[in-house]
Amino acid sequence: MKFPKQWKSAIDVITKIENAGYEAFIVGGAVRDYYLQKDSSDVDVATSALPQEVQAIFLQTVDVGIDHGTVLVLDCGEPIEVTTYRTESTYSDHRRPDEVNFVRDLPEDLKRRDFTMNAMALRNSGEFVDLFNGRQDIDAQIIRAVGFAEERFQEDALRMLRAIRFSAQMDFSIEENTLKAIQNQVESIKFIAMERIQVEMSKIWTSPNPVRAIHYIQWSQLDAYLPGEFDAIEWETFQSMNRQVGWAYFCLVNGHDVALLSAYRCSNKDKQFVKQVLLAYEKLQNEGWQRMDYLQLELEILHTAHLFATWQFVPTTISFEQIEKMKHSLPIQHKSELAISGKDLLQWTANKAGPWLQTTLQAALSAVVNGQVTNDKEQLKEWFHAFNDEG
């Protein structure tokens with residue numbers, strides 16, 4: 001099997017390190033994906049060379065994490081992170097090692113990694129270094145912690161959620177002792193920053209099998225320490241490649257609780273998307289969408305709300321195709337396309353500026369969208385005088 005073309009820079013870096021008399025290997029998720037014959041552009045290199053020795057080999061380097069042994073090499077095309085083999089001490093905060101020690105021994109470096117499938121290394125020749133039977137576990141579709149599972153989760157409690165996320169992404173089962181260790185360590189998830197948890201949850205939402213992850217969150221009892229309710233039955237029909245859709249659906253099945261977004265430190269952009277989707281879903285359920293809804297809501301919002309109805313088995317009388325057709329059939333696609341402005345209204349009347357301007361512009365927008373008047377300045381002027389007389 002040939003190396004992917006996007007690995008060329010990493011291979012060149014390894015070759016130069018080896019020519020200087022040191023070891024160097026591709027490590028981590030890229031090796032796992034290579035074995036699975038999946039594309040992986042994020043390639044990390046581990047080496048027996050100390051950070052200062054790596055810097056001496058190459059002309060262009062950046063100290064991106066030299067205290068932890070990582071140097072960014074820029075000599076060979078794409079930037080490549082090169083990290084010295086290391087061992088780690090205790091993890092007082094369940095996240096970062098209290099101390100990092102550089103070593104010259106690859107096995108010492110590999111045994112500190114999270115799961116067997118991520119603890120493999122790959123030589124420049126294409127030969128695997130697989131000390132923990134990672135390939136065997138991949139073949140068996142099993143996620144197994146390296147060494148003693150409870151120690152791995154004590155080191156970084158986020159690994160518990162990572163195991164569950166991998167199960168959803170790869171459709172793998174979590175090995176029995178690894179799952180028991182998660183159950184024994186669940187309370188330590190409270191030491192993990194919610195921003196890191198949010199990233200893992202986002203990857204679960206966009207995975208091929210999110211309901212598997214929800215099951216594991218329930219079985220492991222992680223749900224007792226995470227905001228929101230996790231009911232696998234609600235997720236049996238869910239499938240999306242959009243993380244925002246996942247967060248919106250999570251709020252929906254939690255009783256439209258948008259406060260969860262703040263709990264998980266989601267962005268304001270996420271919050272705006274979720275609120276619009278839930279509003280669209282409520283309108284679809286109740287009175288159905290009016291023409292002004294089609295104008296005010298983006299097509300993605302409408303599609304997502306319609307998907308929610310499908311996943312929740314709510315009957316609808318409209319299809320995706322009809323939604324698109326209705327949206328595109330509107331005389332204007334955005335309120336900014338309205339042919340008149342507040343300045344025009346002031347020129348057509350002796351009234352002073354005030355709240356009536358916004359009210360009138362909104363009425364004009366509705367009249368155009370509903371086909372009561374053409375989006376033409378002169379016709380809107382006539383409409384305005386008639387509207388003013390009636391008002």
Side-chain angles (χ1 to χ4, degrees), residues 161 164-165 167-169 171 194 197-218 222-223 226-330 333-334 369:
L161 195 54
I164 291 171
R165 184 255 292 178
S167 76
Q169 287 182 322
D171 207 15
M194 198 55 74
I197 292 174
Q198 182 228 111
V199 171
E200 296 299 321
M201 297 302 298
S202 293
K203 291 177 180 178
I204 287 172
W205 305 149
T206 58
S207 70
N209 198 349
V211 68
R212 176 187 282 272
I214 303 299
H215 275 299
Y216 274 126
I217 288 173
Q218 290 181 287
L222 265 175
D223 58 338
L226 296 174
E229 299 292 328
F230 294 84
D231 184 352
I233 294 175
E234 296 279 10
W235 293 85
E236 288 180 349
T237 53
F238 174 87
Q239 193 71 66
S240 179
M241 294 296 291
N242 185 329
R243 52 175 294 281
Q244 288 183 321
V245 172
W247 285 111
Y249 194 70
F250 184 54
C251 291
L252 174 72
V253 298
N254 273 275
H256 297 237
D257 185 4
V258 295
L260 287 169
L261 301 174
S262 296
Y264 282 95
R265 306 292 191 270
C266 292
S267 68
N268 288 333
K269 186 177 180 181
D270 291 341
K271 293 174 184 178
Q272 182 65 19
F273 177 88
V274 171
K275 288 176 181 177
Q276 286 188 321
V277 169
L278 295 182
L279 173 63
Y281 178 71
E282 288 175 8
K283 286 188 174 184
L284 180 63
Q285 271 189 302
N286 298 327
E287 69 272 17
W289 292 328
Q290 307 303 311
R291 290 175 68 86
M292 282 295 289
D293 295 319
Y294 284 96
L295 175 74
Q296 293 169 342
L297 297 171
E298 297 292 334
L299 193 57
E300 183 182 18
I301 300 294
L302 297 169
H303 274 181
T304 302
H306 189 270
L307 271 175
F308 284 10
T310 303
W311 294 333
Q312 288 287 300
F313 303 103
V314 173
T316 60
T317 58
I318 191 168
S319 66
F320 275 170
E321 292 75 17
Q322 289 172 319
I323 291 171
E324 283 189 313
K325 186 176 180 180
M326 177 64 77
K327 177 77 171 173
H328 295 316
S329 71
L330 297 177
Q333 295 296 309
H334 192 273
V369 170

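Computation of the quantities below employed the complete heavy-atom set of this structure, encompassing side-chain atoms and omitting hydrogens, waters and symmetry-equivalent molecules.
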Next item on the list: Go through Ile323 and Leu299 one step at a time and tell me if the side-chain contact (heavy atoms from CB on, under 4.5 Å) criterion holds.
Entry: CA-CA 8 Å; Ile323 291 171; Leu299 193 57; 3.9 Å; yes
Looking only at heavy atoms, which two atoms of [X] and [Y] are closest? And how far apart?
{"X": "Leu295", "Y": "His334", "answer": "CD1-N, 3.6 Å"}
{"X": "Glu229", "Y": "Phe250", "answer": "O-CE1, 3.7 Å"}
{"X": "Ser262", "Y": "Lys271", "answer": "OG-NZ, 3.1 Å"}
{"X": "His306", "Y": "Ile318", "answer": "NE2-O, 2.6 Å"}
{"X": "Trp247", "Y": "Ser202", "answer": "NE1-OG, 2.9 Å"}
{"X": "Val245", "Y": "Phe273", "answer": "N-CE2, 3.9 Å"}

Measuring from atom [atom1] of [X] to atom [atom2] of [Y], what distance do you get when rounded to the nearest 0.5 angstrom?
{"X": "Phe238", "Y": "Leu252", "atom1": "CZ", "atom2": "CG", "answer": "10.5 Å"}
{"X": "Arg165", "Y": "Ile197", "atom1": "CZ", "atom2": "CD1", "answer": "13.5 Å"}
{"X": "Thr304", "Y": "Leu297", "atom1": "OG1", "atom2": "CG", "answer": "11.0 Å"}
{"X": "Cys251", "Y": "Leu261", "atom1": "SG", "atom2": "CG", "answer": "4.0 Å"}
{"X": "Asn242", "Y": "Leu307", "atom1": "CG", "atom2": "CG", "answer": "10.5 Å"}
{"X": "Ile217", "Y": "Asp231", "atom1": "CD1", "atom2": "CG", "answer": "12.0 Å"}

Using atom types as modelled and distance alone, determine if a side-chain donor or acceptor of [X] lies under 3.5 Å from a backbone N or O of [Y].
{"X": "Arg291", "Y": "Val369", "value": "yes"}
{"X": "Asn286", "Y": "Lys283", "value": "no"}
{"X": "Gln322", "Y": "Ser319", "value": "yes"}
{"X": "Glu282", "Y": "Val277", "value": "no"}
{"X": "Gln218", "Y": "Phe230", "value": "yes"}

Check: Who are the side chain to side chain contact (heavy atoms under 4.5 Å, CB included) partners of Ala263, not counting sequence neighbours?
Finding: Pro227
Do [X] and [Y] have side-chain atoms, one donor and one acceptor, less than 3.5 Å apart?
{"X": "Gln312", "Y": "Glu234", "value": "yes"}
{"X": "Gln169", "Y": "Asn209", "value": "no"}
{"X": "Ser240", "Y": "Trp205", "value": "no"}
{"X": "His303", "Y": "Glu298", "value": "no"}
{"X": "Tyr249", "Y": "Gln244", "value": "no"}

Next item on the list: Give the ring-plane orientation class for Phe308 versus Trp311, where under 30° counts as parallel, over 60° as perpendicular and anything between as tilted.
Entry: tilted
Check: Is there side-chain contact between Leu222 and Ile164, with at least one heavy-atom pair below 4.5 Å?
Finding: yes
Note to self: Holding to ring-ring contact (aromatic ring centres under 6.0 Å, His included), I want the full list of residues that pass it with Tyr294, two or more places apart in sequence or in another chain.
What the structure shows: Trp289
Item checked: Contacts of type salt bridge (Lys or Arg N to Asp or Glu O under 4.0 Å), residue Lys275, not counting sequence neighbours -> none
Notebook entry, point to check: Can you check side-chain contact (heavy atoms from CB on, under 4.5 Å) on Arg243 and Gln198, steps first, answer last?
Noted result: CA-CA 10 Å; Arg243 52 175 294 281; Gln198 182 228 111; 3.4 Å; yes
